Amino acid sequence: MRLRKAYIPTLKEAPADAEVISHKLLVRAGFLRKLTSGVYIYLPLAWRSLNKIANIVREEMDRAGAQELHMPMVQPSDLWQESGRWDFYGKELLRFKDRHDRDCCLGPTHEEVITDLIRGEVRSYRQLPLNLYQIQTKFRDEIRPRFGLLRGREFIMKDAYSFDCDDEGADVSYRSMYDAYWRIFSRLGLRFRAVEADSGSIGGSFSHEFMVLAETGEDMIVSCTSCSFAANVERAPVVWRGESCRQQCPPVELTATPGAHSVAQVCDFLGVQPQQLIKTVIFAVDGNPVAVLVRGDREVNPVKLKNLLNAGELAIAAPEQVREWTGAPVGFAGPQGLHAVMHVYADLELRGGTDWIAGANRGDMHVLHLNLTRDATVTAFADLRVIGAADPCPLCGAEIETARGIEVGHVFKLGTKYSKALNAVILDEQGRERHIIMGCYGIGVSRVLAACIEQNNDADGIIFPPPIAPYDVALLNLDTQNADLCAKAEELYAILQTQGLDVLLDDREERPGIKFKDADLIGLPVQLVLGGRGFGRGMIEAKDRRSGEKAELPLEGFAAAFATWREHVLQGWK
RNA sequence: CGGGAUGUAGCGCAGUCUGGGAGCGCACUUGAAUGGGGUUCAAGGGGUCGGAGGUUCAAAUCCUCUCAUCCCGACCA
């Protein structure tokens with residue numbers, strides 16, 4: 001592509017609404033323009049990169065035995081009613097009516113459609129296993145879209161669905177996708193981790209997330225410094241080391257704590273440490289009150305609570321609800337007497353202590369010397385808190401470390417959730433009817449592009465990993481007034497293309513500085529600089545965008561010299 | 001949905017408090033010089049000041065409504 005003809009609108013300044021680096025650079029480098037909140041136009045450069053990503057995904061999915069198809073984006077409500085998700089999915093599902101007043105939605109995911117397809121066609125175990133996938137635009141009406149392509153409302157996703165007749169087969173399918181994902185993200189040149197994850201609203205029994213490591217990631221992940229354990233903090237179990245409880249504890253005593261409704265305020269007021277407190281958090285679980293107790297310096301993990309209670313909707317109770325249920329304003333709830341109005345769940349860790357300080361269920365009052373077993377009734381003890389950096393690895397007990405990640409892939413073992421809801425059955429070898437065992441597997445293709453840039457950039461712009469760069473080589477003709485130089489540029493342009501490379505030739509009548517800046521901003525892995533200086537000596541400059549390393553290559557025998565140099569650059573990425 | 005803010009040329013912004021010429025930088029067009037890291041000079045083109053209504057002799061500016069966008073929060077008591 002000749003830059004003179006290309007639509008690559010680069011900008012000196014980033015738009016004011018861009019916050020994260022990938023968003024700023026994608027806009028500045030001429031990849032992306034916003035249409036409306038969370039909805040973007042992919043310009044030619046972005047589209048080339050996205051296609052390269054998609055093709056790598058395709059190759060590995062095909063290699064894993066999956067078959068590509070393409071499903072509709074507009075879906076009827078009936079299927080969603082049938083699966084139960086029409087009511088359950090929430091406002092992220094964009095709903096509308098067609099001219100006949102029929103309820104429709106834009107597909108945020110395709111379990112319903114694919115299951116409907118399969119139940120109508122597949123009758124025998126002989127037709128399984130099957131794995132079908134598509135690469136398609138999805139729409140999720142996110143509560144707050146932000147960070148450009150990292151959390152858009154409209155985005156490109158690869159979604160795959162596997163169908164097996166038994167659990168063993170489903171496990172094989174799952175493993176095969178897990179391995180394919182590993183290959184995909186490795187080939188894309190990303191630094192990533194695969195972690196155990198919660199299965200969320202998609203449902204199902206087991207899942208892994210593939211996380212690109214980046215400071216701007218919205219997810220926290222933990223991993224063991226010694227063994228293979230790695231998980232999203234949402235899911236990471238906390239082991240209770242079972243320290244014995246101190247038996248001595250004076251009688252409960254009321255104490256005034258005016259205005260102290262946070263752990264920090266209570267600690268300041270009483271001159272105590274957060275570890276001596278019990279934090280009582282009131283949740284509304286499907287409309288009913290539930291209390292969760294954790295140590296004052298810990299955080300409740302709502303995902304664990306949701307799973308423990310097998311709950312649908314779960315939220316922190318509103319202030320009015322807290323007042324109604326506990327009789328006290330927010331900040332003064334405590335375990336005493338709560339069991340009369342709600343279930344009380346306590347984190348395992350609270351078993352290991354006594355003589356607690358807790359809310360008194362009265363405004364501006366706390367209690368001292370609380371002994372949970374003596375002074376309150378706990379429905380159950382369970383692992384309910386968020387893992388912390390000081391906690392040991394739940395598998396081997398070694399030290400753990402935390403990191404931020406961007407979720408770019410997710411594999412789920414769904415089990416029979418959708419095949420039961422939509423009655424997708426087959427006949428097994430014995431002629432018995434069985435529900436199909438399903439799995440689903442997603443990759444955020446457009447998010448991969450942004451995540452990759454979050455991970456690979458510097459002050460000058462993007463640094464593209466070679467596999468997903470929109471072009472392989474930037475060829476800069478520094479002086480378009482010089483006919484000899486232009487002829488040489490064209491010659492090199494042709495040579496590179498015969499080597500199978502995608503080349504972006506800067507043939508604009510611009511000053512060299514502009515060409516250098518734009519080349520760095522767009523971030524193609526290799527730059528070739530053809531200018532008067534080197535040309536006079538029969539040389540051309542090559543620059544590795546990642547390392548900044550430069551070399552002079554001879555124009556005589558250029559093809560071979562360049563191939564060697566480029567190989568050297570590619571090695572740097574390994 | 002709660003809180004905060006912003007909408008003025010393609011992009012970044014000033015002007016709004018205190019009403020009276022619609023401006024600056026970049027980008028764009030033309031010309032000249034320059035020619036290896038966003039060069040310089042000159043001359044230009046481009047805006048219903050987000051929209052509607054109101055107050056006023058007069059509104060980007062004041063008032064009301066509305067639309068849009070962004071930030072923070074919407075789990076930690």
Side-chain angles (χ1 to χ4, degrees), chain A residues 9-20 23-24 27-28 30 33-39 90-91 143-148 233-234 257 259-267 274 277-285 290-306 313-319 321-323 325-326 328-334 347 358-359 361 363 366 384-386 388 459-461 476-482 485 506 508-521 527 529-536 540-541 543 548 550:
Chain A
T10 57
L11 300 171
K12 244 175 156 171
E13 290 172 287
D17 58 16
E19 217 192 346
V20 295
H23 188 192
K24 287 179 183 169
V27 173
R28 280 193 57 209
R33 290 294 183 266
K34 183 172 73 181
L35 180 61
T36 183
S37 178
V39 178
K91 289 187 176 171
I143 194 165
R144 181 142 96 88
R146 58 181 138 180
F147 305 146
V233 289
E234 284 183 346
T257 51
H261 50 79
S262 72
V263 168
Q265 287 165 333
V266 173
C267 288
L277 269 63
I278 287 179
K279 188 152 74 177
T280 305
V281 186
I282 311 297
F283 283 86
V285 180
V290 169
V292 177
L293 314 179
V294 293
R295 212 170 75 180
D297 58 332
R298 305 298 193 188
E299 291 184 10
V300 176
N301 183 333
V303 172
K304 288 180 179 175
L305 179 64
K306 193 171 180 175
E313 215 165 302
L314 180 146
I316 278 268
Q321 293 177 306
V322 172
R323 188 178 277 276
W325 291 333
T326 70
V330 164
F332 299 96
D347 184 65
N361 295 321
H366 278 73
L384 286 169
R385 70 176 173 91
V386 174
D460 294 319
L476 279 56
N477 176 1
L478 290 193
D479 186 2
T480 50
Q481 308 291 304
N482 182 329
L485 222 51
D506 195 341
R508 294 175 299 174
E509 290 183 39
E510 293 286 358
R511 298 177 59 81
I514 290 178
K515 300 188 180 187
F516 288 129
K517 288 287 184 192
D518 275 346
D520 286 347
L521 180 61
Q527 295 173 14
V529 180
L530 186 63
R533 277 185 198 166
F535 187 59
I540 183 168
E541 256 173 54
K543 177 176 147 184
K550 290 178 182 171

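This structure is a prediction, so every number in the text was calculated from the model and none was measured. So that the names make sense, note that chain A is the first sequence line, chain B the second, and so on, each numbered from 1.
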I'd like the [atom1] distance from [M] over to [N], given in whole Å.
N	M	atom1	answer
B/G38	B/G2	C1'	44 Å
B/C49	B/A14	C1'	13 Å
B/U48	B/A59	C1'	14 Å
B/U69	B/A22	C1'	23 Å
B/G51	B/C67	C1'	7 Å
B/G23	B/G47	P	12 Å
B/G10	B/A27	P	16 Å
B/C17	B/C63	C1'	15 Å

Between [Y] and [X], is there a side-chain heavy-atom distance shorter than 4.5 Å?
X	Y	answer
A/V386	A/K304	no
A/V300	A/F283	yes
A/L277	A/R295	no
A/F516	A/V529	yes

task = Decide side-chain contact (heavy atoms from CB on, under 4.5 Å) for A/V266 and A/H366; before the verdict, give the C-alpha distance in whole Å, the side-chain angles of both, and the deciding distance to 0.1 Å.
result = CA-CA 9 Å; A/V266 173; A/H366 278 73; 3.5 Å; yes

Could you identify the nucleotide paired to [N], looking across every strand shown and requiring Watson-Crick or G-U wobble geometry with both distances under 3.5 Å?
N	value
B/G20	B/C57
B/G46	none
B/C70	B/G4
B/G25	B/C11
B/G37	none

Under 4.0 Å, counting only non-hydrogen atoms across every strand here, what does [X] touch: a base, just sugar-phosphate, or nothing?
X	value
A/V263	sugar-phosphate
A/A317	base
A/A315	nothing
A/P302	base

ask   = Does A/K279 have any salt bridge (Lys or Arg N to Asp or Glu O under 4.0 Å) partners at least two apart in sequence or in another chain, and if so, which?
value = none

inquiry  = Using the side-chain hydrogen bond (donor to acceptor under 3.5 Å, both in side chains) definition, which of the options A/H23, A/K24, A/R146, A/K34 pairs with A/D17?
reply    = A/K34

query = With the sugar-phosphate defined as primed atoms, P, OP1 and OP2, and the base as all remaining atoms, what B/S/- string results for nucleotides 26-41 of chain B, 5' to 3', for protein heavy atoms under 4.0 Å?
reply = S-------B-BBBB--

query = So, A/D297 side chain and A/V263 main chain: donor-acceptor pair closer than 3.5 Å or not?
reply = no

Below 3.5 Å between N/O atoms, which protein atoms pair up with nucleotides 70-72 of chain B? Just atom names and distances, please.
residue, atom, partner, partner atom, Å
B/C70, OP2, A/S37, OG, 3.0
B/C71, OP2, A/R144, NH1, 3.3
B/C72, OP2, A/R144, NH1, 2.9
B/C72, OP2, A/R144, NH2, 2.3
B/C72, OP2, A/R146, NH1, 3.4

key: Nearest-0.5 Å distance, NZ of residue A/K515 to CD of residue A/Q527   = 13.0 Å

